[in-house]
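Values reported hereafter were calculated over all heavy atoms of this structure, with side chains retained and with hydrogens, waters and symmetry mates removed.
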Amino acid sequence: GTTITVSFESVDAKTLTEEQQKAVGENAVFDISMLSGDKNITEFNSKITISLPYTLKAGEKAEDVTVWYLNDRDELEEIESKYDKSSGLATFTTTHLSYYVVGISEKQDEWENPFTDVKASDWFFEAVKYVVQNELFAGTSETEFSPNADMTRAMLVTVLYRMEGKPSVTAENTFTDVPAGQWYTDAVIWANAGGIVTGYGEGKFGTNDPITREQMAAILYRYAQMKGYDIETAAELTEYEDAASVSSWSEPAMKWAVSQGLITGTGSTTLSPSGKATRAQVATI
C-alpha cells in the first residue's frame, strides 16, 4: 500500500570521502537505492538483477570490464558480472543496494594457467583463459581442461546459465535423466523453462550426450532470442556442399550462427552440422 521509488544515480567522486575516492580511482560510481514510502530498503530476500552502463575506451577489452561493491570499510569488493559489448551494460545480481563501481579490472591479465593440456601456443588458449577467468567453464579436473573432449548438452546450458549470473530457479524439473542436486540441474531446468532447450521426448534431456554443431546453433539462437538480440540476420549456406544435411528445425539457427561468425565451416566447403563440438570450440564461440 505504499509507493516504491527506485533511484539510480551517477555519483560525483568529489562527494565521496577521501578513502572512498582512493578506492574508486577513475572508475564510474553509481548509487542505487529503493524506498518503500519513507523507508530505505537495502537488503532483499532474493537476488535482483542490475545493469550498469560502461563505454569501452580505446585499447580496452570487453572481458576486462568489472563491477565492484563499495563496502562499509571503503573497500572495493569485486562481484561476478557479465559485460555485453553491444548494449554497453555490465550485468550482475545482488541481494543489497548501495554504491556500485564499474570499470576496467587490472587483474584480468594475471592468470596462472593450471591446465597441463592448455599451452600458450594453442589456438584456443585465449578462449580458455577467458571462460575460466569469467567462471563460465571449469576444468574437468584441477589440472585438465580437456579442450578436445566433446561438449555435452548439460555443459552448454550450464555455460549460458552462468553467463546469466545463475538466476534463481523455481520451475519444475520435467526430465527423468536430470537428477536433483547435480552441477547442471538448475541450469537445465532454467534453460528448459526459458525455451532455450527442449528434450528428446518421453522425459529425456540427453544430459551427457555430446552436443552437435546444429544443436549448439539452435540453443545459442534461442538464447539470443530470449535476450532480445537481433536474430533476423541470416547467411546463405549454399557455399557449403553439405548444406542439405542441415536439419530443417536447425536451418534458421545455422544461418544466423554463420552470419554472426559463431559457427564457421569445418573446412572451406563443409559445415558438418551433425559433427560434435569440442570444449575448446565452444569456449571460443
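Note that CE of Met254 is 11.0 Å distant from CG of Leu220, once rounded to the nearest 0.5 Å. For the atom pair Thr42 OG1 and Ile32 CD1, the distance stands at 13.0 Å (nearest 0.5 Å).
Few gaps surround CD on Glu43; more than 12 heavy atoms of other groups in view lie less than 6.0 Å from it. Within a 6.0 Å radius of CG in Asp12, more than 12 heavy atoms belonging to other residues, nucleotides or ligands are found.
Using a 4.5 Å cut-off on side-chain heavy atoms (C-beta onward), Arg213 and Pro273 make no contact. Contact check for Glu239 versus Thr269: no side-chain heavy atoms found under the 4.5 Å cut-off. With a 4.5 Å cut-off on side-chain heavy atoms, Lys39 and Leu35 do not count as touching. The side-chain heavy atoms of Val246 and Leu271, taken from C-beta on, include a pair separated by under 4.5 Å. Residues Val282 and Thr278 fail the side-chain proximity criterion, which asks for heavy atoms closer than 4.5 Å. Residues Tyr161 and Val188 form no side-chain contact, since every pair of their non-hydrogen atoms from C-beta on lies 4.5 Å or further apart. Using a 4.5 Å cut-off on side-chain heavy atoms (C-beta onward), Ile211 and Ile219 make contact. Put simply, the side chain of Met216 does not reach to within 4.5 Å of the side chain of Tyr221, judged on heavy atoms.
At a threshold of 4.5 Å between side-chain heavy atoms, the hydrophobic network of Ile, Leu, Val, Met, Phe, Trp and Tyr places Met163 and Val131 in one connected group.
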- Give the intermediate values and the outcome of side-chain hydrogen bond (donor to acceptor under 3.5 Å, both in side chains) for residues Tyr99 and Asn71. CA-CA 8 Å; Tyr99 282 162; Asn71 64 28; over 6 Å; no
- Item | side-chain hydrogen bond (donor to acceptor under 3.5 Å, both in side chains) between Ser247 and Glu214, intermediate numbers included | CA-CA 8 Å; Ser247 301; Glu214 64 179 358; 2.8 Å; yes
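By the 4.0 Å N-to-carboxylate-O rule, Glu164 lies close enough to Lys227 to be salt-bridged with it. Using a 4.0 Å cut-off between charged side-chain N and carboxylate O, Asp209 and Arg153 make no salt bridge.
Between the side chains of Thr2 and Ser36, at least one donor N or O lies within less than 3.5 Å of an accepting N or O. Side-chain polar atoms of Tyr229 and Asp84 form a donor-acceptor pair below 3.5 angstrom.
Side-chain atoms of Glu9 do not come within 3.5 Å of backbone N or O of Asp31 as any donor-acceptor pair. Proximity of a side-chain donor or acceptor of Thr140 to a complementary backbone N or O of Glu144 within less than 3.5 Å is detected. Put simply, the side chain of Gln215 gets close to the backbone of Thr212: a donor and an acceptor are under 3.5 Å apart. Panel note: side chain Asp122, backbone Lys119; a donor-acceptor pair is recorded below 3.5 Å. Between the Thr207 side chain and the Asp177 main chain, a donor and an acceptor come within less than 3.5 Å of each other. Judged by distance alone, with hydrogens and angles left aside, the side-chain atoms of Asp117 form a donor-acceptor pair with the main-chain N or O of Ser146 at under 3.5 Å. Of the possible polar contacts, none joining the Asn27 side chain to the Val101 backbone as a donor-acceptor pair under 3.5 Å is found.
A centroid separation of less than 6.0 Å is found between the aromatic rings of Phe92 and Tyr100. Taking the ring centroids of Phe124 and Phe145, they lie at or beyond the 6.0 Å cut-off.
Residue pairs satisfying the ring pair (Phe, Tyr, Trp, His ring centres under 6.0 Å) criterion with at least one member in residues 25-67, sequence neighbours excluded, are listed as follows: Phe8-Phe30.
With respect to Phe137, the side-chain contact (heavy atoms from CB on, under 4.5 Å) criterion is satisfied by exactly one of Thr158, Val159, Val128: Val159.
Using cut-offs of 30° and 60° for the angle between ring planes, the Phe175 and Phe205 rings count as tilted.
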